[in-house]
Every structure is written in structure tokens, then in C-alpha cells.
Amino acid sequence: MTDLPLSILGLWLLFGFAIAAVASYLLLWVLGRLHLRQRAYEDAPQSHRAKTGTPTMGGLAFVIALLAALAGVRTAFLPELIFLVVACGAIGAIDDVLAIAHRENRGLRARTKFLATALIAAVFLREIAAAPSLFPRDVLFHAGALWLAAPHWLWLVLGILAITGTIHAVNLTDGLDGLAAGTMIPPLAVLAIVAVRLPLPAAAIAASIGIGSCAGFLLFNRYPAKLFMGDTGSLALGALLSGVAILTGEMLLLVLIGAVFVAEALSVILQVSYFKATGGRRIFRMSPLHHHFEMGGLPETKVTFRFWLASLLCSLLGWAIVR
């Protein structure tokens with residue numbers, strides 16, 4: 001398997017959509033029966049109180065779709081990529097279960113999640129680096145005839161930072177109905193097309209399934225959400241996006257096509273830093289950034305749609321650069 005036409009990617013997208021839609025439907029019932037339900041974050045806007053009791057950990061649908069693909073296709077780097085997604089999703093699942101058990105929206109400490117995901121990232125990077133040179137080894141960015149590479153040690157360090165940073169940025173973005181899943185689709189689409197042109201089947205298949213899975217999950221996660229992805233889903237999606245970007249040699253492109261996630265993470269960093277430095281003053285009404293717009297009176301659905309649009313525009317700009 002050395003090449004993948006776009007039509008085949010369309011089939012994998014439909015495969016991901018079907019598996020995730022069915023899995024989400026079943027998870028909606030199973031998670032509810034197991035009382036695995038979300039508790040609204042204490043500091044979130046008052047309108048979020050109504051979300052308490054919604055089944056969470058629906059992000060298992062993304063993991064199920066990728067595992068189903070692994071059962072049906074064998075290609076280089078797909079097992080390693082799925083390991084990254086499943087392992088990070090497992091960390092998120094532990095976090096979700098602990099948060100539910102503690103009866104408040106706090107599970108694992110941020111430091112624990114960061115270190116655990118960094119360890120998983122290091123294992124993933126060492127595995128793909130040890131394999132035959134079938135992907136742009138040590139490449140940080142490429143566009144046409146331009147290829148930007150780094151020493152292997154620096155590629156490893158930046159790779160760990162890219163994976164952990166993306167994972168936790170997506171985690172912060174998952175705060176409104178449909179926000180994270182919808183924002184994830186455009187950057188995955190760009191990377192899927194890049195993977196086809198290399199060609200790199202594993203990245204193309206995984207990205208296509210990710211797109212379909214997000215769309216299938218949105219059937220139940222769009223406003224008003226009946227099912228939340230939880231940290232199970234946000235950590236898995238962040239791992240998928242960053243893993244595919246690294247495999248395709250477009251690590252630095254993540255900053256542009258994932259600009260919404262970057263903005264969400266930066267808003268938290270700036271807010272916390274400024275708050276501590278000034279003794280309680282704030283830059284934003286509330287962070288992450290989507291809450292700032294909510295607190296300004298913008299309805300949740302409009303915030304979500306505008307963030308989706310921003311993700312699409314940034315991804316189109318990214319594609320215009322690398323095409």
C-alpha cells in the first residue's frame with residue numbers, strides 16, 4: 001500500500017463517521033446507565049450549570065473508530081499512531097473517572113497529565129524514528145521545494161512539546177457544545193491531503209477517520225449537547241492531530257492550522273500570568289478565550305460557529321502555504 005487516491009480517503013471518512021455515530025449512540029445509553037456524567041466546572045458561566053448530568057467520556061467513539069481501522073488495514077506507522085491516540089485517550093479517561101468520583105470537575109493534576117502525555121509522546125517519537133525512513137525524518141516543515149529539518153535531538157524535543165502542547169490546547173478548547181470536534185475537522189483535512197501527496201497512507205487514513213469521527217460525534221455533541229467527549233476525547237484528538245502533523249513533517253504548520261487551539265491555550269497562560277503579576281487583575285473576562293466571548297454576551301452557538309470559521313480560515317491559509 002503506497003498511495004491513496006482522494007476517493008479512498010472519502011471512504012475512510014465515511015467509515016469513521018459511521019463507526020463514531022453508532023458508537024456515540026451506544027455510549028450515550030451505556031455512559032448514562034453507568035452514571036458517568038459531567039459536572040459543570042465551578043468557575044464556568046452560569047449558563048453552563050444546565051450541562052451538569054450530561055453523559056461524558058463520549059470521546060471513546062474516536063478511539064473505537066481508529067481501533068476498528070487497525071483491524072482492517074496494515075500499513076507502516078498506523079499502529080504507532082493509534083498507540084499515541086489510545087494511550088492519551090486512556091489518560092483522559094482516568095481523569096474523567098476521577099473527576100466524576102470526586103463529584104467535582106477536577107481529576108488528575110495538570111502536571112500529572114502533562115508528564116504522562118510527554119512520556120507517551122517520547123515513546124511514539126522513538127518508535128517512528130527507529131522505523132525505516134518512510135516519512136519526512138526530522139523535518140519540521142515543508143512547502144513545495146522548501147524543506148526545514150532539525151538535528152534529531154531537537155526534532156525529538158520539539159516533537160514532545162508539539163504533542164503535549166496540542167493535547168492540552170485541545171483539552172482547553174473543549175468547553176462549549178461542539179466546539180472542539182468542529183474546530184478539529186479543518187486542520188485534519190489539510191494534513192490528510194498533505195499525507196496523500198507524500199504519500200503516507202497511515203497519516204492519511206488516520207486523519208480521514210478523525211474527520212469522519214468528529215462529524216459523527218457532532219450528531220450528539222452539537223448544541224444542545226446530549227453527549228460530551230470529556231478529557232477522553234480531547235486528549236485523544238489532540239494526540240491524533242499532533243501525531244499526524246509530525247508524521248507528515250508539518251510540525252510547525254500546527255501553529256497556523258491549529259491557531260484556534262493555540263489562542264485558547266495562550267489566553268489561559270496570559271490570564272494566569274497577568275493575574276499573578278498584578279495581584280488579581282485580568283486581561284480577559286474569563287479564560288479560556290471562548291468564555292471571554294460568552295461573558296461578553298455572545299450566545300454559545302455563535303461563539304462555536306465563529307471559532308469553527310476561524311479554524312477553517314486558518315487551515316485554508318495553511319493549505320495555501322504548503323500546497
Side-chain angles (χ1 to χ4, degrees), residues 4 6 9-10 13 135-136 139-150 155 158-159 161-176 178-200 203-204 206-215 218 234 237-270 284 287-290 292-293 298 301-323:
L4 282 174
L6 288 177
L9 290 189
L13 190 154
F135 76 102
V139 173
L140 303 177
F141 174 78
H142 62 90
L146 173 65
W147 291 75
L148 178 62
W155 176 84
L158 292 176
L161 291 176
I163 292 172
T164 54
T166 304
I167 285 171
H168 296 288
V170 175
N171 186 217
L172 290 171
T173 305
D174 181 33
L176 301 180
L179 179 58
T183 303
M184 181 63 60
I185 291 175
L188 281 178
V190 171
L191 294 176
I193 299 173
V194 170
V196 169
R197 296 178 65 181
L198 281 174
L200 191 64
S208 298
I209 292 174
I211 295 167
S213 296
C214 287
L218 279 171
S234 59
L237 285 179
L240 175 62
L241 179 62
S242 55
V244 170
I246 289 170
L247 278 177
T248 55
E250 295 290 8
M251 191 188 302
L252 295 183
L253 188 65
L254 274 175
V255 178
L256 178 55
I257 63 176
V260 170
F261 304 124
V262 173
E264 292 275 42
L266 282 177
S267 71
V268 173
I269 294 170
L270 291 172
F284 306 102
S287 64
L289 189 59
H290 55 264
H292 170 77
F293 293 107
L298 199 62
T301 51
K302 289 189 176 181
V303 176
T304 298
F305 177 76
R306 292 179 185 186
F307 275 50
W308 285 0
L309 182 60
S311 178
L312 176 61
L313 292 175
C314 290
S315 295
L316 288 174
L317 179 57
W319 170 243
I321 293 172
V322 301
R323 61 191 297 259

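When all heavy atoms of Thr248 and His142 are compared, the pair lying nearest together is O-NE2, 2.7 Å. Annotation for Leu179 and Thr173: closest pair CD2-O, 3.1 Å, computed over non-hydrogen atoms. Closest approach of Ala206 to Val244, counting heavy atoms only: CB-CG2, 4.4 Å.
Every residue meeting the ring-ring contact (aromatic ring centres under 6.0 Å, His included) condition with Phe284, not counting sequence neighbours, appears here in chain and number order: His292. With sequence neighbours excluded, the residues forming a side chain to side chain contact (heavy atoms under 4.5 Å, CB included) with Asn171 are Lys113, Asp231, Ser234, Leu235, listed by chain and number.
Atom CG in Leu13 sits 9.5 Å away from atom CD1 in Ile209 (nearest 0.5 Å). A distance of 7.5 Å separates OG of Ser267 from CG of Leu172, quoted to the nearest 0.5 Å. Put simply, CG on Leu140 and CG on Leu148 are 5.0 Å apart, with the number rounded to the nearest 0.5 Å.
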What pairs of donor and acceptor atoms, side-chain ones from residues 185-199 against any protein atom, are under 3.5 angstrom apart with sequence neighbours left out?
none

Exercise answer: donor-acceptor pairs, residues 253-265 side-chain atoms, under 3.5 Å, sequence neighbours excluded:
{"unit_1": "Glu264", "atom_1": "OE1", "unit_2": "Leu289", "atom_2": "N", "d": "2.8"}
{"unit_1": "Glu264", "atom_1": "OE1", "unit_2": "His290", "atom_2": "N", "d": "3.2"}
{"unit_1": "Glu264", "atom_1": "OE1", "unit_2": "His290", "atom_2": "ND1", "d": "3.3"}
{"unit_1": "Glu264", "atom_1": "OE2", "unit_2": "His290", "atom_2": "ND1", "d": "2.6"}

Could you go through residues 305-315 and list every donor-acceptor pair under 3.5 Å that involves a side-chain atom there, pairing it with any protein atom two or more places apart or in another chain?
{"unit_1": "Trp308", "atom_1": "NE1", "unit_2": "Gly178", "atom_2": "O", "d": "3.0"}
{"unit_1": "Ser311", "atom_1": "OG", "unit_2": "Thr183", "atom_2": "O", "d": "2.7"}
{"unit_1": "Ser315", "atom_1": "OG", "unit_2": "Ser311", "atom_2": "O", "d": "2.8"}

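Phe141 places a side-chain heavy atom less than 4.5 Å from the side chain of Glu250. You'll find the side chain of Trp155 reaches within 4.5 Å of the side chain of Met251, heavy atoms only.
Tested against Thr166, the residues Leu241, Ile246, Leu240 include a single side-chain contact (heavy atoms from CB on, under 4.5 Å) partner, Leu241.
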